[in-house]
Amino acid sequence: MVGGGVVGWAVAWRCAARGLSVTVRDPAPGSGASTVAAGMLAPVAEAYFGETALTGLLVASAARWPAFAAELTTASGVDLGYRTEGTLVVGLTGDDLAEAGRLWAYQRELGLPITPLRPSALRDREPALAPRVRGGAFAPGDHQVDPRRLLVALRTAAERAGAVLVAAPVGRVDELAASAVVVAAGCGTAALTGLPVRPVKGQILRLRAPGGGPPGFRHVVRGYADGEPVYVVPRADGEVVVGATVEERTDPAVTAGAVLRLLRAAVDLLPELAEYDLVETAVGFRPGTPDNAPVIGALPDRPGVLVAAGHHRHGIVLTPVTADLVADLVATGTPDAMLAPFTPGRFGPVTRAATGG
Ligand code: GLY
C-alpha cells in the first residue's frame, strides 16, 4: 500500500482483515488531504450536472457508511464523530436561492432525497440560520464524520488487523516487493503512475464555539451567500469547519481574501459564528482528475499495480466503497462491475517510466 491517508488505511484494514500481509508505505502518514477535509458525506448535495456515474458511486458508498462506521468504531475503539442530522442547502438572497434550487431540482430528478422547505420549516429545523436566509432544502441522508478521528480509527484498526507502517518514501512502485501494490497516494499518485491526477487547492477554516460547548446548530449547512459558495460543518465537540475554496493552484498560501470570503459567507448564513474563535486556517490539495471521478483499478498492462486515487472532493464519503472494492480486487483479481466507469485505462496509456516498468 502506498499512501497513509484515509483511503490507504481503509484499503489496508480491509486487506489485512482478509488475512493478507499488508505494508503501508508513507514518509508522513496522514499529512495529505485527509486531515484537512471537512468530512461531509454528501452524495446528494454534491451530485452535480453531468456527473451521473460519480453520483452513483457516491450514493453506493454513502449507503455503506452506517455499517462501516459501526464496524470501524468497534474495531478501533475510536469515536468517529459520525453524525446523521443531515444537511441543509440554503440560499441567502433570491439569486442564491435560484442557484441552489436549480441544483436541487436536478438532484430530485435523479430521485435523490432532498426536500425543499418553506422558510418557516427551514427555521424550525435550524433556528440559528440568519433571518435573511431566503430558503432552502433538507438532504436527510447527507451526513458527516470527523476525518481526523476517522484517520486515527482506520490506522488503529488496520494495525490491529496486522498492517505495518513503513515510514519511508517510494520512488518507483516497481521497487516494492509485493504481489500487489495499491497506490493511494492522493496527488502523489501522478508521479508514481503517470495518471492525470492534479492538485486542486482548497482553503478551509476551523472555528470553535465559545465556552467549550457544542455549536448552536446541528445540521451541516451549505449553500450560497451573495454568490459565494460555502459549507459549515458543526461537530459535537465544539469544532466548526468552514470551507472551502476550489482553486486550480498549487501554492500553499492561506490568503486574506479567501478567509474573508469564507467567513463573511458563513456568518451571513449563521450569525452566531461571528462570536466563535478562529482556531485554524489550512490548505489542502484535492486529487482531481480530468472528469472529477476517482481512479480505481489496475493500471493498463500492469495488473500488479492497482490505483485508488483521484477522489477529488469526495475522498471521505468514497472511503468505504473504495476500500471494499479494492480489497475484493486484490483478493480475487476481478474488478467489481461498479468500477467500470472508474478504470485507470479510461485516460489512455500511462507512461511506463513513471512506474519503473
Ligand atoms: N467536499 C468538500 C470539498 O472538497 O471542499
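Starting from 1, each residue takes its place in the sequence as its number. In listed order, ligands and their atoms are each counted from 1.
Distance from atom 1 (N) of ligand 1 to its nearest protein heavy atom, with residue and atom name: Arg313 O, 2.8 Å. Nearest non-hydrogen protein atom to atom 3 (C) of ligand 1 is Tyr231 OH, 3.3 Å.
Contact annotation for Arg286 and ligand 1: only side-chain heavy atoms (C-beta onward) come within less than 4.0 Å of the ligand.
Each of the atoms 5 (O) of ligand 1 lies under 4.0 Å from some heavy atom of Ala244. Less than 4.0 angstrom separates some heavy atom of Met40 from each of these atoms of ligand 1: 2 (C).
In summary, Arg148 and Glu280 engage in a salt bridge, as defined by a charged side-chain N under 4.0 Å from a carboxylate O. Salt-bridge annotation for Glu175 and Arg25: present, with a side-chain N of the basic residue lying under 4.0 Å from a carboxylate O of the acidic one.
In this structure, Trp65 and Tyr82 have parallel ring planes: the angle between them is below the 30° cut-off, well short of the 60° mark.
Here CG of Leu262 is found 10.0 Å from CG of Leu207. Values are rounded to the nearest 0.5 Å. Distance CG/Asp146 to CG/Asp79: 8.5 Å, rounded to 0.5 Å.
Ligand 1 lies less than 4.0 angstrom from a heavy atom belonging to Glu46.
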